[in-house]
J.: 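Quick one: this structure, given as structure tokens, is what I'll be asking you about.
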Amino acid sequence: MTEFLLGSACAILVVVAVGLVRLLRGPGEADRMMAVQLLGTGSTAVMLIFGAVIRQPAVIDVALIVALLSAFAGLAFVRGISPNSGGGDE
Amino acid sequence: MLLDLWTIVLVSMGVVFFLAGTVGLLRFPDALSRLHALTKADNLGLGLVVIGLLPRLTGIADGAKMIFVWLLVMLSGACLAQLVAHLIRQSGDFKP
């Protein structure tokens with residue numbers, strides 16, 4: 001059972017690594033940001049799987065933090081690219 | 001035994017959705033369709049993994065926390081998708 005979970009965690013990591021090709025090749029900044037967003041969610045999923053495998057509920061908090069940080073990263077990207085759109089009055 | 005089957009089926013479906021979303025992210029021609037594929041992979045793949053892992057946890061609080069992580073990712077994914085889509089449309093390479 002744990003081998004299956006660890007295998008699926010590795011599968012998710014491989015899939016996310018393949019998805020990062022879009023980071024290198026992406027024509028626009030938005031495409032690159034999407035690859036980072038996928039990395040954030042993929043690592044959250046892997047964290048949750050590890051938390052379930054080693055039966056340590058503290059790892060779920062780590063996954064929560066990773067999800068939060070990837071949300072902030074996306075937000076920082078959007079604000080950074082177009083500070084004057086949407087009435088951004090810093 | 002049933003719970004193990006439940007976990008195996010759902011976690012593997014989650015991985016399949018991650019794969020589908022990533023292939024969509026790589027193959028789709030337009031930035032907006034890539035965004036669509038990415039957001040689907042995020043929420044659905046992670047959601048299936050979370051539901052698959054629920055029976056393995058002992059406490060109710062841990063399960064609730066896992067569901068909360070999934071809700072947070074869904075919420076942030078939805079908001080970010082709107083913002084990035086606005087950015088893509090604004091930057092002009094959007095062909096109506």
Side-chain angles (χ1 to χ4, degrees), chain A residues 1-2 4-5 7-22 25-31 33-35 37-38 40-42 44-49 51-53 55-61 63-68 70-75 77-79 81-82 85-86, chain B residues 3-4 7-8 11-12 14-16 18-26 28 31-32 34-35 37-39 41-43 45-50 52-59 61-63 65-66 68-73 75-77 79-88 90-91 93:
Chain A
M1 190 56 204
T2 56
F4 165 73
L5 284 180
S8 61
C10 295
I12 289 182
L13 277 181
V14 166
V15 162
V16 167
V18 168
L20 283 182
V21 166
R22 171 57 60 194
R25 219 169 36 138
E29 291 89 3
D31 306 303
M33 192 56 222
M34 286 186 223
Q37 185 82 14
L38 182 68
T41 308
T44 308
V46 168
M47 284 290 172
L48 288 177
I49 290 178
V53 164
R55 293 197 188 282
Q56 185 68 257
V59 184
I60 300 177
D61 303 339
L64 186 65
I65 299 295
V66 171
L68 205 59
S70 84
F72 283 145
L75 205 58
F77 161 73
V78 171
R79 284 307 299 264
I81 286 292
S82 59
S85 84
Chain B
L3 285 184
D4 283 354
T7 303
I8 287 179
V11 170
S12 51
V15 172
V16 162
F18 259 108
L19 185 69
T22 308
V23 165
L25 187 70
L26 294 178
F28 278 168
L32 279 180
R34 278 186 214 126
L35 184 65
L38 166 80
T39 316
D42 276 357
N43 300 339
L46 186 64
L48 287 174
V49 165
V50 162
L53 291 178
L54 276 185
R56 279 187 68 89
L57 296 179
T58 52
D62 303 334
K65 204 185 293 184
M66 249 192 185
F68 178 69
V69 167
W70 179 30
L71 289 182
L72 175 71
V73 167
L75 195 63
S76 66
C79 298
L80 277 177
Q82 295 298 332
L83 289 172
V84 171
H86 172 71
L87 198 70
I88 292 173
Q90 201 183 19
S91 70
D93 68 348

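Labels below follow one simple rule: chain letters A, B, ... track the order of the sequence lines, proteins then strands, and each chain is numbered from 1.
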J.: Given the options B/Leu75, B/Leu83, B/Val84, which has more heavy-atom pairs under 4.5 Å with chain A than any of the others?
T.: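 Of the options given, most contacts go to B/Leu83.
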J.: How far apart are the closest heavy atoms of B/Thr7 and A/Phe4, and which atoms are they?
T.: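 Residues B/Thr7 and A/Phe4, closest heavy atoms: O-CE2, 4.2 Å.
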J.: Pick whichever of B/Leu26, B/Asn43, B/Thr39, B/Val50 has the most heavy-atom pairs under 4.5 Å with chain A.
T.: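 Highest number of heavy-atom pairs under 4.5 Å: B/Leu26.
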J.: Give, for atom OG of A/Ser70 and atom CG of B/Leu80, the distance between the pair rounded to the nearest 0.5 Å.
T.: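 It is 7.5 Å, given to the nearest 0.5 Å.
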J.: May I ask you to decide if A/Ala30's main-chain N or O and B/Arg34's side chain share a donor-acceptor pair within less than 3.5 Å?
T.: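 Absent.
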J.: How long is the span from the CZ atom in A/Phe77 to the CG atom in B/Leu87, to the nearest 0.5 Å?
T.: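 Answer rounded to 0.5 Å: 5.5 Å.
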J.: Could you state the interatomic distance from CD1 (A/Ile49) to CZ (B/Arg56), rounded to the nearest 0.5 Å?
T.: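 Those atoms lie 10.5 Å apart.
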J.: Please examine the side chains of B/Ser76 and A/Phe72, heavy atoms only from C-beta on, and report whether any two atoms are closer than 4.5 Å.
T.: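 A side-chain contact under 4.5 Å is absent here.
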J.: How about B/Leu53 and A/Leu5: do any of their side-chain heavy atoms sit closer than 4.5 Å?
T.: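 Yes, their side chains come closer than 4.5 Å.
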J.: Enter the distance from B/Leu35:CG to A/Gln37:CD here, rounded to the nearest 0.5 Å.
T.: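 The CD atom of A/Gln37 is 9.0 Å from CG of B/Leu35, to the nearest 0.5 Å.
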J.: Counting heavy-atom pairs under 4.5 Å to chain A, which of B/Leu54, B/Asp4, B/Val49, B/Thr58 comes out on top?
T.: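 Among the listed options, the one with the most contacts to chain A is B/Asp4.
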J.: Checking A/Val66 against chain B: side chain, backbone, both or neither under 4.5 Å from a heavy atom?
T.: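 Nothing of A/Val66, per the 4.5 Å heavy-atom cut-off to chain B.
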J.: Using a 4.5 Å cut-off on heavy atoms from C-beta on, say whether the side chain of B/Trp70 contacts that of A/Leu48.
T.: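 No. Closest side-chain heavy atoms not under 4.5 Å.
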J.: Count the heavy-atom pairs under 4.5 Å between each of A/Gly19, A/Ala67, A/Ala45, A/Ala52 and chain B, then report the option with the highest count.
T.: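 Sorted descending by pairs with chain B, the first entry is A/Ala52.
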J.: Pick one of side chain, backbone, both or neither for B/Val23, based on which atoms fall under 4.5 Å of a heavy atom in chain A.
T.: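 No part of it gets close to chain A.
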J.: Would you say the side chain of A/Val18 lies within less than 4.5 Å of the side chain of B/Leu19, judging by non-hydrogen atoms?
T.: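 B/Leu19 does not reach A/Val18 side chain to side chain.
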J.: Between chain B and each of A/Asp61, A/Val21, A/Val53, count heavy-atom pairs under 4.5 Å; write down the option with the most.
T.: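 The answer is A/Asp61.
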J.: Mind ranking A/Met33, A/Arg55, A/Met34 by heavy-atom pairs under 4.5 Å with chain B and telling me who comes out on top?
T.: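 Counting heavy-atom pairs under 4.5 Å, the top option is A/Met34.
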J.: Evaluate the side-chain proximity of B/Leu57 to A/Ile60: yes if any heavy-atom separation is below 4.5 Å, no if none is.
T.: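 They are in contact (side-chain heavy atoms under 4.5 Å apart), so the answer is yes.
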J.: Determine the minimum heavy-atom distance between B/Leu25 and A/Ala35, stating which atoms define it.
T.: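 Scanning both residues, the minimum pair turns out to be CD2-CA, 4.3 Å.
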